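Predicted model, so just to flag it, every value in this text is computed and none were measured. Any value given below was found using the heavy atoms of this structure, including those in side chains, with hydrogens, waters and symmetry copies removed.
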Amino acid sequence: MSDEPQTSLPTTKVARAARFAKTGFNVGTNYIKHYAKKAVGAESTTENLHAANAAELYGTLSEMKGSVLKVAQMLAMEKNMLPTAYAEQFAKAQYSTPPLSGPLVVKAFRDAFGKSPFQLFDEFEPEARQAASIGQVHWARKEGKTLAVKVQYPGVADSIKSDIRLVKPIALRVMGLNEAQVRPYLEEVETRLLEETDYKLELRRGQEIAAKCQELKYLEFPAYYPELSTGRILTMDWLPGLHLKEFLATNPSQEVRNQIGQALWDFYQFQFNTLHQLHADPHPGNFLMRDDNGGTLGVLDFGCVKDVPQDVYQLFTALLAPETFADEARLAALLTQADVLRATDAPALRALYLRTLQVSLELVGRPFRQAIFDFGDPAYMAALYALGDDLMADPELRKQREPRGSAHFIYLNRTYVGLFALLTELGASVRTQ
């Protein structure tokens, strides 16, 4: 897969299904080559096989954009779920994918405004500065303001449901599940993905959340421009700053990293505890960092926002409370409320779930039980990933294939694991209480 601009997208069900099939064929060919080499004594490691397959799969996802590439982003954050080669390939989705060509960009503007971008803006760069899963970002200028213009890939919204229908039977077969068992979870993911394609919704949420967070220190949000935005094109200020890896390459001081980490932590705690809403896409591509004012954090992309119902908020908070771990009856009652434990469970299964959740919740909730938590010690995230490995390898848990728990927890868990991973990579020590 090259980084040359794309001149077309596979947007129809048939085209996208055919692209999946082609990938499956190529991955199968990689396995044949791997075992053929081993049969004649040639060197071919499992790592080489994973690397070839990961490159093939990422190439397909990059071409197809949309929901399947968004899943790659989520998997890249959950590093313990993937062999290293896949994690490294899918991590590319956090920053860039092959951009669309100029003519497709111009067509998107003509369809939306009846004008080309060169007529709408004083200056407009037809080559994307950044390209990601749902859309790509162009630099522009109008009336002295430097702007970021996000253009959605054609056909993304229409492709999401068909993509899930393509992936679902494979996932069900691999996991040994039936559709009724996973329906609430798939519906939750599908709803969030569809919301991300609605740029009018993203504009409204971005404006509302930024206005409510004005009192928080060292945070910066872009202003949005409704008159230059539609459901598929979004115009906002171009914020200064660097993405995480670029920022760390400048060797910022510990004080600067701590201040940015504190701003990040306070932003998420304020959203969760006060707004009952979460910017639920905390991957590095959605934040810009700089050392102005001792450390400033720019927040981008409110496409994925999780509204947290009051009962879910109370349940999630109670499960992480210190007193829960000392009271097994309280934990069991909360897990029953969360649909993890059920009245029909055999005693041995109930004990297994209780034991597993006690260990998991103690680890996940550890930062909340210390006045200051040092995410600069990578041992904590290593322990989280190791726990994931252990749970996936546990023979008794592997027998329990039926998913359990509130579907709301999918994005809550994703948000906090992503937040912890960001703070660990930043190497920040933060006041958590």
Between [X] and [Y], which heavy-atom pair has the shortest distance, and what is it?
X	Y	answer
K217	A263	O-CB, 3.8 Å
L320	R369	O-NH1, 4.2 Å
G376	D374	N-OD1, 2.8 Å
L319	L334	CD2-CB, 3.7 Å
P226	L203	CA-CD1, 3.8 Å
A428	G261	CB-CA, 3.8 Å

Margin query: Working note: E208 + K212, criterion salt bridge (charged side-chain N to carboxylate O under 4.0 Å, His left out); need CA distance, chi angles, decisive distance, verdict.
Written below: CA-CA 6 Å; E208 290 174 353; K212 292 171 183 175; 5.1 Å; no
Check: Is any NZ, NE, NH1 or NH2 atom of the basic residue among D301 and K150 found under 4.0 Å from an Asp or Glu carboxylate oxygen of the other?
Finding: yes
Margin query: Between E195 and R192, does any side-chain N to carboxylate O distance fall below 4.0 Å?
Written below: yes
Item checked: Over-ring placement of R141 relative to W238, 6.0 Å and 45° cut-offs -> no
Counting distance only, does the side-chain N/O of [X] pair as donor-acceptor with the main-chain N or O of [Y] below 3.5 Å?
X	Y	value
Q214	A210	yes
N293	G295	no
H279	L300	yes
Y380	L363	yes
R232	T197	yes
T324	A318	yes
T250	F247	yes
K142	L120	yes
R404	D339	no
Q269	L264	no

Note to self: Would T296 and R290 count as a side-chain hydrogen bond (donor to acceptor under 3.5 Å, both in side chains) here? Give the steps.
What the structure shows: CA-CA 5 Å; T296 301; R290 60 185 198 275; 4.8 Å; no
Notebook entry, point to check: What pairs meet the ring pair (Phe, Tyr, Trp, His ring centres under 6.0 Å) rule with one or both residues in residues 248-271, with sequence neighbours excluded?
Noted result: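 Matches after skipping sequence neighbours: F221-F267, W265-F368.
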Check: Has Q433 got more than 12 heavy atoms of other residues, nucleotides or ligands less than 6.0 Å from its CD?
Finding: yes
From [atom1] ([X]) to [atom2] ([Y]), nearest 0.5 Å:
X	Y	atom1	atom2	result
L426	L422	CG	CG	8.0 Å
F121	H138	CZ	NE2	10.0 Å
Q130	Q136	CD	CD	10.5 Å
L239	E220	CG	CD	5.0 Å
L297	Q262	CG	CD	12.0 Å
M236	F302	CE	CZ	10.5 Å

So do the side chains of [X] and [Y] get within less than 4.5 Å of each other, counting heavy atoms only?
X	Y	value
L412	V312	yes
C213	I209	yes
Y225	L147	yes
L248	R257	yes
E246	M289	no
L194	D198	no
L288	P240	no
Y411	Y416	no

Check: What do the steps show when you test L335 against L357 for side chain to side chain contact (heavy atoms under 4.5 Å, CB included), and what is the final call?
Finding: CA-CA 9 Å; L335 291 176; L357 267 296; 3.8 Å; yes
Next item on the list: May I have the step-by-step check of side chain to side chain contact (heavy atoms under 4.5 Å, CB included) for R414 and C304, ending in yes or no?
Entry: CA-CA 12 Å; R414 177 199 183 194; C304 183; 3.8 Å; yes
Next item on the list: Go through F409 and V340 one step at a time and tell me if the side chain to side chain contact (heavy atoms under 4.5 Å, CB included) criterion holds.
Entry: CA-CA 11 Å; F409 281 14; V340 175; over 6 Å; no
Next item on the list: Test side chain to side chain contact (heavy atoms under 4.5 Å, CB included) on R183 and E188 and set out the steps.
Entry: CA-CA 9 Å; R183 187 177 297 124; E188 170 74 357; over 6 Å; no
Check: Can the ring centres of F109 and F118 be said to be less than 6.0 Å apart?
Finding: no
Notebook entry, point to check: Centroid-to-centroid, H243 to F287, below 6.0 Å?
Noted result: no
Notebook entry, point to check: Of T235, L234, D237, which meets side chain to side chain contact (heavy atoms under 4.5 Å, CB included) against Y224?
Noted result: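 One option only clears the test, and that one is L234.
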Check: Which residues satisfy the ring pair (Phe, Tyr, Trp, His ring centres under 6.0 Å) test with F375, sequence neighbours excluded?
Finding: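 Scan of F375 (ring pair (Phe, Tyr, Trp, His ring centres under 6.0 Å), adjacent residues dropped) gives F373, F420.
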Margin query: The test is side-chain hydrogen bond (donor to acceptor under 3.5 Å, both in side chains); show your working for Q310 and H276 and say whether it passes.
Written below: CA-CA 7 Å; Q310 182 64 29; H276 297 326; 3.2 Å; yes
Notebook entry, point to check: Hey, mind stepping through N258 and Q254 against side-chain hydrogen bond (donor to acceptor under 3.5 Å, both in side chains) and telling me if it holds?
Noted result: CA-CA 6 Å; N258 287 350; Q254 185 63 52; 2.7 Å; yes
Note to self: Would you say N273 and Y313 are linked by a side-chain donor-acceptor pair, where the criterion is simply a distance under 3.5 Å?
What the structure shows: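 Yes, side-chain donor-acceptor contact under 3.5 Å.
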